[in-house]
Amino acid sequence: MELWMYSSKLLERQEGFARLWRGTNASLALAVPTVGIYLPCYDVFRNWVEEFTDRNYPNLTPYAPLVAGSVARSLACIACSPIELARTRMQAFKEFRTGGKLPGISITLLGVLSPLRSKNKVLNWKEYRVLWTGVGAQLARDVPFSAICWSTLEPIRRRLLRLVIDEESNAVTILGANFSAGFAAGTLAAAVTCPLDVAKTRRQIEKDPEKALNTTTKQTIVKVWRSEGVKGLFTGLGPRVARAGPSVGIVVSFYEVVKYVLHQRQGNL
């Protein structure tokens with residue numbers, strides 16, 4: 001964490017204060033569709049799996065959050081992968097002069113396509129795959145992350161809600177229980193999947209599109225392991241854990257509070 005703080009201060013001195021927020025617009029553009037796909041799909045899939053297993057295989061019902069979270073996250077990752085690619089590149093590349101205007105999402109993605117466009121005037125549909133560079137690494141990171149996260153979150157959340165169920169249920173208790181469960185689950189999942197996050201980032205900042213397409217997640221992890229060891233695989237662990245815990249807690253708790261409020265209003269009609 002101290003290294004991250006030092007790097008942030010160094011980046012501020014070298015590139016200007018605004019560069020610390022490089023990629024924020026892409027992060028916001030990514031968050032809305034991702035959450036909009038991810039959480040509603042998780043609810044739908046979890047209910048389907050729980051209903052099916054309750055009727056046919058009751059002993060498998062506890063695994064419903066794991067399956068639902070993995071499938072929902074896969075859909076969200078594939079749909080939003082180009083925006084994730086733009087965000088990673090906007091945050092990583094430093095070749096822009098201090099004081100210059102930072103590139104937006106569309107310019108960043110056009111920059112990804114430009115090496116291919118210089119070879120062929122018209123890109124065929126297969127060459128647009130480069131916009132999904134790193135999607136395999138992203139799925140390899142996010143699917144296990146979601147599986148671990150929801151498998152941990154659901155038992156904690158249900159236990160906390162049972163503790164406060166005797167009291168008057170309101171938006172505050174719903175928010176508190178969900179935030180606590182999300183914080184704990186997000187922290188654990190982020191720590192476990194950190195090597196996969198390193199692999200995803202390394203693949204997405206690769207400037208050679210052909211090399212990026214032909215390199216697998218496994219090859220990237222092995223390369224980092226051989227050149228940098230265990231320390232390299234857990235680069236950025238502190239900031240990642242510090243971000244994931246609160247992020248999962250905030251997203252899940254506010255989503256559940258909105259559901260609770262809408263349910264209460266519908267019941268009063």
Side-chain angles (χ1 to χ4, degrees), residues 3-4 23 26-27 30 34 37-38 41-42 45 63 65-93 108-109 111-113 115-116 125-152 185-245 247-248:
L3 178 61
W4 176 78
S27 296
L30 178 66
T34 299
I37 295 170
Y38 183 30
C41 285
Y42 168 76
F45 294 147
Y63 299 101
L66 185 152
V67 175
S70 299
V71 175
R73 191 65 189 180
S74 297
L75 293 176
C77 284
I78 294 171
C80 302
S81 184
I83 306 176
E84 170 70 19
L85 174 64
R87 183 186 69 164
T88 301
R89 286 184 170 240
M90 290 166 69
Q91 290 175 335
F93 293 162
T108 301
L109 293 179
V112 175
L113 294 172
L116 295 173
W125 67 271
K126 290 184 178 180
E127 290 174 319
Y128 280 98
R129 290 183 307 158
V130 73
L131 296 179
W132 275 263
T133 297
V135 68
Q138 188 179 351
L139 288 170
R141 177 200 67 175
D142 285 5
V143 172
F145 179 95
S146 294
I148 295 168
C149 184
W150 288 110
S151 298
T152 307
T187 299
L188 174 63
V192 173
T193 59
C194 186
L196 297 170
D197 183 60
V198 172
K200 178 200 75 76
T201 303
R202 297 290 178 93
R203 289 192 64 192
Q204 289 188 324
I205 64 176
E206 173 58 56
K207 295 183 180 181
D208 184 345
E210 292 185 5
K211 185 177 179 181
L213 287 173
N214 294 323
T215 303
T216 66
T217 301
K218 181 180 178 181
Q219 289 172 337
T220 304
I221 291 177
V222 170
K223 182 179 179 181
V224 174
W225 169 271
R226 288 176 177 173
S227 61
E228 303 174 43
V230 176
K231 185 178 179 181
L233 291 176
F234 286 89
T235 300
L237 175 63
R240 174 167 163 76
V241 169
R243 173 183 176 274
S247 296
V248 174

Min side-chain heavy-atom separation [X]-[Y] under 4.5 Å:
{"X": "Tyr42", "Y": "Pro65", "value": "yes"}
{"X": "Arg240", "Y": "Asp197", "value": "yes"}
{"X": "Lys231", "Y": "Thr235", "value": "no"}
{"X": "Phe45", "Y": "Leu75", "value": "yes"}
{"X": "Leu233", "Y": "Cys194", "value": "no"}

ask   = Between Glu228 and Trp225, is there a donor-acceptor pair closer than 3.5 Å when you use the side chain of the first and the backbone of the second?
value =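 No, because the side chain of Glu228 does not come within donor-acceptor range (under 3.5 Å) of the backbone of Trp225.
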Which heavy atom of [X] sits nearest a heavy atom of [Y], and at what distance?
{"X": "Thr217", "Y": "Gly136", "result": "OG1-C, 3.8 Å"}
{"X": "Thr187", "Y": "Gly245", "result": "OG1-CA, 3.5 Å"}
{"X": "Ile37", "Y": "Ala79", "result": "CD1-CB, 3.8 Å"}
{"X": "Ala199", "Y": "Ile221", "result": "CB-CG1, 3.7 Å"}
{"X": "Pro82", "Y": "Ile78", "result": "CD-O, 4.5 Å"}
{"X": "Ala147", "Y": "Ser151", "result": "O-OG, 2.6 Å"}

inquiry  = Can you list everything that forms a ring pair (Phe, Tyr, Trp, His ring centres under 6.0 Å) with Phe145? Sequence neighbours excluded, please.
reply    = none
task = Please say which of Val135, Val198, Thr220 ends up in a side-chain contact (heavy atoms from CB on, under 4.5 Å) with Arg203.
result =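 When side-chain contact (heavy atoms from CB on, under 4.5 Å) is applied between Arg203 and each of Val135, Val198, Thr220, only Thr220 qualifies.
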query = What pairs of residues pass the side chain to side chain donor-acceptor pair (under 3.5 Å) test when at least one of them lies in residues 69-78, not counting sequence neighbours?
reply =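 Checked against side chain to side chain donor-acceptor pair (under 3.5 Å) - neighbours excluded - the pairs reaching residues 69-78 are Arg73-Asp142.
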inquiry  = Taking atom CZ as the centre, does Phe234 end up with more than 12 heavy-atom neighbours from other residues, nucleotides or ligands that are less than 6.0 angstrom away?
reply    = yes
Just verifying a value: how many Å separate [X] [atom1] and [Y] [atom2], rounded to the nearest 0.5 Å?
{"X": "Leu196", "Y": "Leu139", "atom1": "CG", "atom2": "CG", "value": "11.0 Å"}
{"X": "Cys77", "Y": "Tyr38", "atom1": "SG", "atom2": "OH", "value": "8.5 Å"}
{"X": "Lys200", "Y": "Gln138", "atom1": "NZ", "atom2": "CD", "value": "6.0 Å"}

request  = Could you check Val248 against Cys149 for side chain to side chain contact (heavy atoms under 4.5 Å, CB included), going step by step and ending with a plain yes or no?
outcome  = CA-CA 9 Å; Val248 174; Cys149 184; 3.9 Å; yes
